[in-house]
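One-based numbering along the sequence shown. Computed from heavy atoms alone, side chains included, the values below leave out hydrogens, waters and symmetry copies.
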Amino acid sequence: MKKYILLTTFVLFALQSCHKLEVGLANDLNEKDFWKTDADALAVMASCYASMGSAEGFFYTESLSDNSFTRQSDRYGGAKQIASGSYDPSLPLLKNEWTDRYTSIRKCNQFLANVSRVTALSETQLKRYQAEVRFIRAYSYFLLATWYGDVPFFTNVLTISESQSIARTPKAEVIEFIISELEGIQADLPINTALPAAENGRVTRGAAIALKARVNLFDGNWQAAATACEELIGKPENGTYSLFPSYAGIFTVANEYNSEVIFDLQFGANRLYDTQRFFVPVTIGLRTDIMPTQALVDNYITTNGKAIQEAGSGYDASNPFANRDPRLAATIATDGSKYPNFAFNSPAEIEVKTLPNTSPNDVLQPFASATGYYWRKYFDPTATSPGNSGLNLIYLRYADVLLMYAEAKNELNQLTATVWDQTIGALRRRAGFTDSGALNFPNAQQAALRDIVRRERRSELAFESLRIFDIRRWKIAETVLNTQVKGIAIPGNELPKDANGNILVESRVFDPSKHYLWPIPQLERDQNKNLQQNPGWGQ
């Protein structure tokens with residue numbers, strides 16, 4: 001139902017007003033016939049929302065990390081090159097991300113500079129609209145500062161000459177602004193339970209708090225991150241959230257806007273995406289270009305709570321998917337597993353065969369998964385074709401709040417049995433664990449708990465565009481990306497393998513002296529001589 005609620009009243013209006021909106025944006029939205037009605041304000045706001053991201057960006061970002069591999073060098077502006085460490089400041093992805101973020105910021109600044117001209121808005125409406133757009137702008141600055149470090153910062157609409165001379169602002173100042181903004185807008189945003197169905201998908205107070213927690217967590221502000229999470233855990237005055245009973249069910253059209261979703265990128269009706277064609281089996285998609293890695297598969301614990309490498313885990317290499325974390329099967333399709341097919345196709349399910357010489361989806365086929373694994377999470381079998389999904393993509397969910405809380409409390413050396421039960425324990429119970437070894441607080445030292453929390457975060461949030469940020473902020477990218485991408489273990493000699501028989505897919509390189517920050521795009525520096533380059537990328 002949501003496909004016709006939000007989009008009809010909000011985003012679809014902007015699409016129908018495309019000509020008027022384009023004219024306004026071309027002239028800084030200052031036309032005398034614009035900014036008259038609530039509909040004008042909503043149309044521009046819809047454009048701000050739409051600028052937050054894309055499905056292609058959401059899914060291909062995972063392949064920048066050790067969770068996923070992409071084989072095509074021309075997809076998403078060169079995600080493959082970044083993952084392999086073979087890129088320079090001219091790579092299109094770097095320029096595209098920079099341009100997309102600053103386009104979003106410009107739209108937000110234009111909105112904030114002009115929305116008060118709509119005299120029909122009440123003071124409450126005006127403050128809410130401004131708060132929503134300030135959230136969107138803060139989100140873009142957060143991504144810029146995370147990818148590039150110091151970045152040009154401004155809250156006004158720049159002239160062309162100003163944009164060609166502005167210097168970079170220290171990252172710490174940008175982060176300070178973002179946190180201040182997210183705190184400042186909370187009171188002007190509604191809580192999720194106060195939203196009418198027609199407004200599903202818009203920014204709420206809970207979204208501002210959750211993003212504030214993420215910004216603080218990523219910046220290592222542990223106490224501030226924990227405090228922000230506590231503003232959402234059991235605090236109905238800021239919104240009511242809970243873990244959805246089914247882990248797999250979170251990521252389906254039928255359960256959009258469920259109790260766990262705090263903020264998601266909206267799709268449906270006239271805004272669809274085709275990216276799922278590139279991460280499903282060939283027999284129901286197009287060609288597999290985004291695929292899980294063996295390293296991710298190995299991350300999932302066994303049902304007794306132990307990592308597969310631990311003594312007593314019960315892991316059997318000859319039957320590797322038995323007695324594993326239930327989220328593995330909900331996230332990744334492995335050899336012999338059932339995969340949902342599109343509603344209009346027959347049969348309703350296919351059996352995924354990935355071992356050599358077994359099916360068009362096996363690892364030796366030219367367009368099949370090179371690792372022998374396929375993503376199941378986020379596949380939308382209700383789409384009318386592989387290229388027409390309208391499934392929303394979740395940017396913030398309550399499970400992440402719990403994981404952020406567990407991490408922050410552990411870094412403060414305050415991860416107690418009570419906190420464990422609220423966070424890791426709750427997530428594992430929802431996932432379907434029943435063994436006390438997985439559910440009970442391990443009573444370990446801080447370092448061991450850190451490993452457990454990080455492993456849990458990786459398993460819970462796989463294919464949600466967060467892993468790359470985690471390995472960079474934890475400063476482990478130089479370890480987990482400076483290695484071989486591996487796939488399933490296969491017999492025979494058709495492909496290169498390691499000593500355990502796992503396919504060797506690609507060698508990656510991560511240089512810690514420069515790869516923790518992306519270089520400033522070369523084209524931007526050609527146009528603005530005041531943009532100094534990041535270390536290691538030349539001058």
*Asks:* Sub-3.5 Å donor-acceptor pair from the side chain of T288 to the main-chain atoms of V280, do we have one?
*Replies:*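 Answer holds: yes.
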*Asks:* Given 3.5 Å as the limit, does a donor-acceptor pair link the side chain of N109 with the main chain of V157, or not?
*Replies:* no
*Asks:* Looking only at heavy atoms, which two atoms of V401 and L232 are closest? And how far apart?
*Replies:* CG2-CD1, 4.0 Å
*Asks:* May I have all residue pairs that pass salt bridge (charged side-chain N to carboxylate O under 4.0 Å, His left out) and include part of residues 134-143, sequence neighbours excluded?
*Replies:*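 The answer is R134-E181, R137-E181.
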*Asks:* Please enumerate all residues that pass ring-ring contact (aromatic ring centres under 6.0 Å, His included) together with Y102, with sequence neighbours excluded.
*Replies:*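 So Y102 forms a ring-ring contact (aromatic ring centres under 6.0 Å, His included) with W98, F154.
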*Asks:* Could I get the full list of side-chain hydrogen bond (donor to acceptor under 3.5 Å, both in side chains) partners for Y339, not counting sequence neighbours?
*Replies:*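 Here no residue qualifies.
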*Asks:* Okay, side chain of T99, backbone of N96: is any donor-acceptor separation there less than 3.5 Å?
*Replies:* no
*Asks:* Mark yes or no for whether E506, through its side chain, and L504, through its backbone, hold a donor-acceptor pair below 3.5 Å.
*Replies:*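 No, the answer is negative, given that no donor and acceptor are paired below the 3.5 Å cut-off.
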*Asks:* Going by side chain to side chain contact (heavy atoms under 4.5 Å, CB included), name the residues that satisfy it together with K497, two or more places apart in sequence or in a different chain.
*Replies:*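 Side chain to side chain contact (heavy atoms under 4.5 Å, CB included) check on K497 returns I490.
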*Asks:* Can you list the residues that meet the side-chain hydrogen bond (donor to acceptor under 3.5 Å, both in side chains) rule with D88, with sequence neighbours excluded?
*Replies:*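 In terms of side-chain hydrogen bond (donor to acceptor under 3.5 Å, both in side chains), with neighbours along the sequence ignored, D88 is linked to S90.
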*Asks:* Angle between ring planes, F469 versus W147, binned at 30° and 60°: parallel, tilted or perpendicular?
*Replies:*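 It falls in the tilted class, 30° to 60°.
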*Asks:* Considering residues at least two apart in sequence or located in another chain, which fulfil the ring-ring contact (aromatic ring centres under 6.0 Å, His included) criterion with W474?
*Replies:* none
*Asks:* For S47 and K107, work out which heavy atoms get closest and say how close.
*Replies:*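 Closest approach of S47 to K107: OG-NZ, 2.9 Å.
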*Asks:* Hey, is the main chain of I166 close enough, under 3.5 Å, to the side chain of N528 for a donor-acceptor pair?
*Replies:* yes
*Asks:* Quick one: side chain to side chain contact (heavy atoms under 4.5 Å, CB included) partners of A55, sequence neighbours excluded?
*Replies:* F59, F267, Y273, T275, L393
*Asks:* How far apart are the C-alpha atoms of T227 and E231, what are their side-chain angles, what is the distance that settles it, and do they pass the side-chain hydrogen bond (donor to acceptor under 3.5 Å, both in side chains) test?
*Replies:* CA-CA 6 Å; T227 299; E231 292 180 58; over 6 Å; no
*Asks:* Residues two or more places apart in sequence or in another chain: which of them pass ring-ring contact (aromatic ring centres under 6.0 Å, His included) with Y300?
*Replies:*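 None.
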*Asks:* Does NZ or CZ of R75 lie under 6.0 Å from the centre of the six-membered ring of F278, at an angle within 45° of the ring axis?
*Replies:* yes
*Asks:* Tell me every residue that passes side chain to side chain contact (heavy atoms under 4.5 Å, CB included) with S465, counting only those two or more places apart in sequence or in another chain.
*Replies:* F58, T61
*Asks:* For residues 365-372, please give each side-chain donor-acceptor pair under 3.5 Å, one per line with the distance, not counting sequence neighbours.
*Replies:*
{"from": "Q365", "atom 1": "NE2", "to": "D362", "atom 2": "OD2", "distance (Å)": "3.3"}
{"from": "S369", "atom 1": "OG", "to": "T371", "atom 2": "N", "distance (Å)": "3.2"}
{"from": "S369", "atom 1": "OG", "to": "T371", "atom 2": "OG1", "distance (Å)": "3.2"}
{"from": "S369", "atom 1": "OG", "to": "G372", "atom 2": "N", "distance (Å)": "3.1"}
{"from": "S369", "atom 1": "OG", "to": "Y373", "atom 2": "N", "distance (Å)": "3.3"}
{"from": "S369", "atom 1": "OG", "to": "Y373", "atom 2": "O", "distance (Å)": "2.7"}
{"from": "T371", "atom 1": "OG1", "to": "P292", "atom 2": "O", "distance (Å)": "2.6"}
{"from": "T371", "atom 1": "OG1", "to": "Y373", "atom 2": "N", "distance (Å)": "3.3"}

*Asks:* Does Y516 have any ring-ring contact (aromatic ring centres under 6.0 Å, His included) partners at least two apart in sequence or in another chain, and if so, which?
*Replies:*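 Here the qualifying residues are F510.
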*Asks:* What about F463 and F251, are their ring centers closer than 6.0 Å?
*Replies:* no
*Asks:* For L328, does its backbone N or O pair with a side-chain atom of T331 as donor and acceptor, under 3.5 Å?
*Replies:*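 It does not hold such a pair.
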*Asks:* Who pairs with I308 by side chain to side chain contact (heavy atoms under 4.5 Å, CB included), at least two apart in sequence or on another chain?
*Replies:*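 Only D298, T302, Y315, R324 meet the side chain to side chain contact (heavy atoms under 4.5 Å, CB included) criterion with I308.
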*Asks:* Look at the side chain of N530 and the backbone N and O of S165, then say whether any donor-acceptor pair between them is shorter than 3.5 Å.
*Replies:* yes
*Asks:* Would the distance check show the side chain of Q484 and the main-chain N or O of R508 forming a donor-acceptor pair, the cut-off being under 3.5 Å?
*Replies:*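 Side chain of Q484 to backbone of R508, a donor-acceptor pair under 3.5 Å: no, none is there.
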*Asks:* What I want to check is whether the side chains of K212 and Q186 have a donor and an acceptor closer together than 3.5 Å.
*Replies:* yes
*Asks:* Could you check whether the rings of W518 and Y148 sit parallel, tilted or perpendicular, using 30° and 60° as the cut-offs?
*Replies:* perpendicular
